[in-house]
Amino acid sequence: MDDVEPLVPQGPAEERSPNSHCTRCPISSQSPGDSKVVEDFRRRLKYFFMNPCEKYRARGRKPWKLMLQILKIAIITFQLVSFGLSNEMMVTFKEENLMVFKHLFLKEYKDQRVDRYAVYTKTDVYGHIYYVIDRFINLQNLTVGNHAYEKIEGEYTPLTLCQEFFRKGSISPGNDTFDIDPHVDKECISVYPLEPLENKTLSRDINFSLDFKRLLSVNIYLTLKAINLQTVRHHELPDCYAFSIIIMFDNRAHSGRIKINLENNVGINECKDWNVASTSGKNNHLLLFDSFVILACFTSLILCTRSVYKGSQLQFHYTAFFHTYFGKTVPWSERMEFVNGWYILIIVSDTLTIAGSALKIGIQTKDLTNYDVCSILLGTSTMLVWVGVIRYLGFFKKYNILILALRAAIPNVIRFSCCAGLIYLGYCFCGWIVLGPYHEKFRTLDKVTECLFSLINGDDLYSTFQKMREKRYMVWLFSRLYLYSFLSLFIYMVLSLFIALITDTYETIKQHQKDRVLVSQLKAFVAECRDQPDSGKYKMDKEPTCCCYCFG
């Protein structure tokens, strides 16, 4: 990096600076007053770029933002752990109930992959549907859990059995002929609980029959209620769950294989009448703590926003000052030095924490049930808070090298990733189209992207090659060329260049710090200020209220 040329005052300048809000007086020569203005402004810039400890020694101002950020790390982490434990109990309860429903309502179900659970004969289809209805009617005599039927206005919610089919269909595969009306009709019947079926056939008891040539799907809808008593052990309010169960018989492919799948949609409500000792006080404490988190994050948000605003104002004054006094234009790379990215990170984190804490309060009071949204907000905000700790490590030289290297490498990494991403997408589309019909890992576009990314990191290489061994020779040969070229390109070239970019940037920054090379006129201008933080001169500085600089 070339040395920055010395800053020498220029002759008469224009009457107006690049920003129309700043005016100045023309100058013809440097006077003693000019030197004092330059030194005062240089000292002001140096104070702006000091760390909190140096600012405290310079003006005696306590580092409130630093102390608040340290406090936030503790309270936000505690809040996340508290919510995580509650969320873990909720997820466990949902997953276990899903497994219970599969064993209760799916005939001869074993713990296996759902897409392999299917039926192949008409008798099996009727048998499985009747099995679901029979289990629903006799649920309370079967389940060992606290499941019950849903009641609306004093009446039980029925099981609903629906079939979807083509409005008209005449199919004759032997003659290679068919006549189909693609409009889909839907027909539903209801079965109420506690009403046992007399006969063992659907057509007699509930007048339900299927035309398999036109049949697209059979869906069974039912709703059950349950109470999660796990939370009682942790002195929290118990949750009342409404499980909306859907059992789907999928025949859209008309391949002779009807796949069966069970899905469970969960609604969480406040229990109407409950009484648990020592629960109300604990819940109030949690609500008070969450309110304190919101207050702390809101205060941090205001302080950091104020700092970002003051930085932008100082950047504006610096630009006008250099144009007025030195006749130079400040590049955008130097202007961005006044924008503290850590403050932007904290502002984003505070916003997410405030939103997540508000949702958490709603969940604790049972007014909201957005566990997933709340988890994303609180998890992301906590991650950003802990990442922000790196800023304070940057006050030490050895850690600062790492931070500077990462910041300097990001633009090159982004440009390099865009170029590599185009090649990566090309391989994704090619693998999806060619290998998708023959390889499970290339069946869909999202599976292709996951598979190729895993291959780059050296995961599951042998099995990916092995699964193509029994395919057609042409497809097998193409798969070898495809995989070998992809692995050679990305592992040996792209990944190596990616690492080299970061390593080269790190070595450059390290050498600059060793040689004390000043890489910008801003740093060169500030470095001329020799006043130490504890010199007492910073206490006498007062920030100007306007950007009008008159010299001479």
Side-chain angles (χ1 to χ4, degrees), residues 112-120 164-166 169 171-173 176-184 212-219 246 248-263 412-501:
Q112 58 187 353
R113 293 181 55 181
V114 177
D115 58 358
R116 293 182 180 177
Y117 190 79
V119 291
Y120 302 91
E164 295 181 351
F165 50 88
F166 290 125
I171 304 174
S172 179
D176 297 330
T177 60
F178 66 91
D179 182 12
I180 290 291
D181 184 348
H183 292 88
V184 177
F212 288 93
K213 290 186 177 181
R214 295 187 296 152
L215 180 67
L216 293 174
S217 65
V218 176
N219 297 324
I246 306 175
M248 296 168 288
F249 294 74
D250 186 4
N251 191 43
R252 287 172 295 181
H254 287 90
S255 61
R257 181 175 184 263
I258 299 180
K259 294 180 289 185
I260 303 176
N261 187 27
L262 186 147
E263 293 183 358
N412 291 331
V413 168
I414 292 176
R415 287 190 289 267
F416 180 80
S417 299
C418 290
C419 296
L422 296 176
I423 304 174
Y424 186 81
L425 284 176
Y427 271 91
C428 287
F429 286 117
C430 179
W432 176 39
I433 294 299
V434 180
L435 304 181
Y438 304 98
H439 201 298
E440 183 180 355
K441 294 183 179 180
F442 294 84
R443 193 62 47 85
T444 60
L445 189 59
D446 60 323
K447 287 185 177 180
V448 176
T449 57
E450 295 170 359
C451 176
L452 294 183
F453 188 79
S454 298
L455 292 177
I456 292 176
N457 291 277
D459 297 336
D460 215 16
L461 290 173
Y462 180 74
S463 63
T464 304
F465 279 93
Q466 188 69 19
K467 288 184 179 180
M468 290 298 300
R469 189 171 297 278
E470 303 298 330
K471 307 304 178 183
R472 298 179 182 177
Y473 178 76
M474 182 177 295
V475 176
W476 174 85
L477 181 61
F478 178 85
S479 69
R480 265 41 190 177
L481 296 175
Y482 173 85
L483 292 174
Y484 280 126
S485 63
F486 175 81
L487 294 175
S488 301
L489 179 62
F490 276 84
I491 292 181
Y492 303 129
M493 295 179 62
V494 174
L495 195 58
S496 298
L497 290 173
F498 182 83
I499 297 173
L501 279 176

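The first residue of the sequence shown is numbered 1, and numbering continues consecutively from there. Everything numeric in this text was worked out from a predicted model, so none of it was measured. Quick note: numbers below take in every heavy atom, side chains included, and nothing from hydrogens, waters or symmetry partners.
Residue pairs satisfying the side chain to side chain donor-acceptor pair (under 3.5 Å) criterion with at least one member in residues 443-454, sequence neighbours excluded, are listed as follows: Thr444-Asp446.
Between atom CD1 of residue Ile433 and atom SG of residue Cys428 there is a gap of 12.0 Å, rounded to the nearest 0.5 Å. How far OG of Ser488 is from CG of Leu483: 10.5 Å, rounded to the nearest 0.5 Å. To the nearest 0.5 Å, atom CG of residue Leu452 and atom OH of residue Tyr424 are 5.0 Å apart. Here the CE-CD1 distance, from Met248 to Ile258, works out to 14.0 Å after rounding to the nearest 0.5 Å. Residue Leu422 holds its CG atom at 11.0 Å from OG of Ser417, rounded to the nearest 0.5 Å. Within the model, atoms OH of Tyr482 and CG of Leu435 stand 6.5 Å from one another, a figure rounded to the nearest 0.5 Å.
Counting only distance, with no hydrogens or angles, the side chain of His254 and the backbone of Leu216 share no donor-acceptor pair below 3.5 Å. Put simply, the side chain of Asn261 never gets that close to the backbone of Glu263: no donor and acceptor are under 3.5 Å apart.
Leu445 has its side chain within reach of Phe429: a pair of non-hydrogen atoms, C-beta onward, lies under 4.5 Å apart. Residues Val119 and Ile260 are in side-chain contact: their nearest non-hydrogen atoms beyond the backbone lie under 4.5 Å apart. Looking only at side-chain heavy atoms (C-beta outward), Leu495 and Phe490 stay at 4.5 Å or farther from each other. Two residues are said to be in side-chain contact when any heavy atoms from C-beta on lie closer than 4.5 Å; Phe249 and Leu215 fail this criterion.
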Steps toward side-chain contact (heavy atoms from CB on, under 4.5 Å) verdict (His183, Phe166): CA-CA 6 Å; His183 292 88; Phe166 290 125; over 6 Å; no
From CA spacing to verdict: side-chain contact (heavy atoms from CB on, under 4.5 Å), Phe486, Ile456: CA-CA 9 Å; Phe486 175 81; Ile456 292 176; 3.7 Å; yes
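Residues Tyr427 and Ser485 approach most closely at OH-OG, 3.1 Å, considering heavy atoms.
Within a 6.0 Å sphere centred on CZ of Phe453, other residues, nucleotides and ligands contribute 12 heavy atoms or fewer.
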